Every structure is written in structure tokens, then in C-alpha cells.
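Shown next, in C-alpha cells, is the structure this report addresses.
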Amino acid sequence: MGIGGKSDNYSLSDRPGWLRLTCDAETLDDRTSPTFVGRRQRHFKCRAAAFLDFEPEVDEQEAGLTAFMNDRHHYEIAVTRRTGQRQIIVRRRIGSLQQIVAQAPIPSGPVELAIEADRDWYTLRCAVPGEPSIALARGETRYLSSEVGGMFTGVYLAMYATGAGLPGSAKAYFDWFNYRDLSEDGP
């Protein structure tokens with residue numbers, strides 16, 4: 001498990017049974033340590049999922065899941081607030097190019113986020129309780145590789161929270177995080 005950011009941005013006792021990540025100024029694009037807890041991707045075909053309860057206090061605060069190679073190569077699915085409205089977004093960062101490739105309004109309350117991987121694609125999914133999972137977008141795995149991104153330390157599949165450049169107090173609560181090997185010869 002990899003952990004980044006300031007230790008007071010993390011708590012397992014704030015809401016017993018949940019991991020609390022507090023939004024901070026650092027983002028996934030910064031070389032400093034964002035508020036981040038992850039596990040290295042060890043299988044080409046796998047699924048990482050988490051159950052998130054997060055209500056952004058101001059626009060651009062966000063929390064979610066990321067497929068993270070480094071500060072210039074990552075994909076994320078997150079709950080955020082934009083123009084006063086709570087939304088789910090998918091963002092792709094490839095070098096100097098960054099774009100939100102999917103977004104949709106999302107009602108208040110918890111949401112399940114997932115990143116599914118195979119040899120060629122990451123598929124970013126979400127589901128509100130009682131509803132089926134929806135694939136919002138995909139991103140090519142090759143853009144999170146050493147051939148494209150340079151230095152390779154491996155991809156992390158991780159939970160994160162950020163104030164998008166501004167210090168904040170919004171708290172993201174993760175009930176669970178699950179990583180599964182989906183290969184045919186896996187458990």
C-alpha cells in the first residue's frame with residue numbers, strides 16, 4: 001500500500017469503519033505528495049473499486065479513484081462540484097494534455113467507483129446504490145507505461161482527495177477498497 005500527503009489528512013477513527021481523506025491543496029498533478037492511499041497494479045486484468053461518501057464544500061474539490069503512474073500520467077474517476085453542482089467526472093492526464101472526458105450530475109449520497117483494467121484499456125465506472133454500474137469512459141493502458149511516461153515505478157490504483165490547489169476541510173469517507181485479479185489463472 002502506498003500513502004502520500006500529510007498524516008493529519010488521514011483518519012480511521014473519525015468515522016469508525018471508514019477511511020477519511022481530507023482535501024488538501026496538493027493535486028495528482030503535483031510532484032509533492034497528494035492525499036492518496038493506493039496499491040500497486042500487479043495484474044494486466046484486474047478491478048479496483050471503492051465505496052465513497054463525499055460532499056464537496058466548494059467547486060473543484062474532488063475525491064475518487066485513480067490509475068496513477070506519475071504526476072503527468074494518470075486517469076481518475078471522481079466526485080466533485082462544478083458550477084455549484086455535484087458531479088461525477090472522468091479525467092485523463094497524458095503529459096501536458098489534460099481533459100475531462102466524461103461528466104454527469106450525481107445525486108447526494110455515497111457512490112461506488114471502479115477502475116477495470118485489461119491489457120489495452122482502463123474502464124472507469126460508477127454506480128449509485130441500487131443501480132447498475134455505468135462505464136463512463138475508457139483510457140488506453142499504453143499512456144500509463146514507461147514507453148510513454150518515462151520513468152516507471154508501476155501504476156497505482158488508489159483512493160485520493162484534493163482541494164485542487166486550495167487548502168480545504170472537505171472530508172472524503174471510503175467505506176471499503178477492493179482490488180481483484182480478473183485473469184483466468186488468478187484466484
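Not measured: the values here are computed from a predicted model.
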Counting N and O atoms only, with roles assigned by atom type, does the side chain of [X] sit under 3.5 Å from a partner on the main chain of [Y], one being a donor and the other an acceptor?
X    : Y    : value
E131 : A127 : no
Q41  : H43  : yes
D181 : S183 : yes
Y122 : A137 : no
Y179 : R42  : yes
D14  : S11  : no
T35  : D24  : no

Take W176 and N178, measure what side chain to side chain contact (heavy atoms under 4.5 Å, CB included) needs, and give me the verdict at the end. CA-CA 7 Å; W176 51 262; N178 182 338; 4.2 Å; yes

Between Y160 and F68, does the ring centroid distance fall short of 6.0 Å? no

What's the separation between atom [atom1] in [X] and atom [atom2] in [Y], rounded to the nearest 0.5 Å?
X    : Y    : atom1 : atom2 : result
H73  : L97  : NE2   : CG    : 9.0 Å
L21  : T162 : CG    : OG1   : 11.0 Å
E112 : D175 : CD    : CG    : 10.5 Å
L28  : Q98  : CG    : CD    : 9.5 Å

If every non-hydrogen atom of [X] is compared with every non-hydrogen atom of [Y], which pair is closest and at what distance?
X    : Y    : answer
C46  : L157 : SG-CD1, 4.0 Å
P105 : Q85  : CB-NE2, 3.6 Å
R47  : L182 : CB-CD1, 3.7 Å
E76  : T66  : OE1-OG1, 3.7 Å
G163 : C23  : N-CB, 3.7 Å
E57  : S169 : OE1-OG, 3.0 Å

Common cluster, [X]/[Y], ILVMFWY with side-chain heavy-atom separation under 4.5 Å:
X    : Y    : result
V37  : L113 : yes
M69  : W121 : no
L124 : V128 : yes
M159 : L136 : yes
I106 : L65  : yes

[X]/[Y] ion pair, N-O < 4.0 Å:
X   : Y   : value
R15 : D53 : yes
R86 : E55 : yes
D29 : R93 : yes
E62 : R91 : yes
D59 : R81 : yes

List the steps and the verdict of side chain to side chain contact (heavy atoms under 4.5 Å, CB included) for F54 and V111. CA-CA 9 Å; F54 177 61; V111 61; over 6 Å; no

Test side chain to side chain contact (heavy atoms under 4.5 Å, CB included) applied to L52 and V79, step by step: CA-CA 9 Å; L52 170 65; V79 172; 3.9 Å; yes

Side chain to side chain donor-acceptor pair (under 3.5 Å) evaluation trace for R20 with Y173: CA-CA 5 Å; R20 188 254 304 143; Y173 293 94; 4.9 Å; no

Going by atom types only, do [X] and [Y] share a side-chain donor-acceptor pair under 3.5 Å?
X    : Y    : value
T22  : N9   : no
R82  : T80  : no
R125 : S133 : yes

Is the Lys NZ or Arg CZ of R119 less than 6.0 Å from the centre of F44's six-membered ring, within 45° of the axis? yes

Hey, mind stepping through D120 and E140 against side chain to side chain contact (heavy atoms under 4.5 Å, CB included) and telling me if it holds? CA-CA 6 Å; D120 299 316; E140 296 94 331; over 6 Å; no

Evaluate the side-chain proximity of C126 to I88: yes if any heavy-atom separation is below 4.5 Å, no if none is. yes

I89 side chain reached by I77 side chain, heavy atoms, under 4.5 Å: no

For the residue pair F51 and W18, does the interplanar ring angle fall in the parallel (under 30°), tilted (30 to 60°) or perpendicular (over 60°) class? tilted

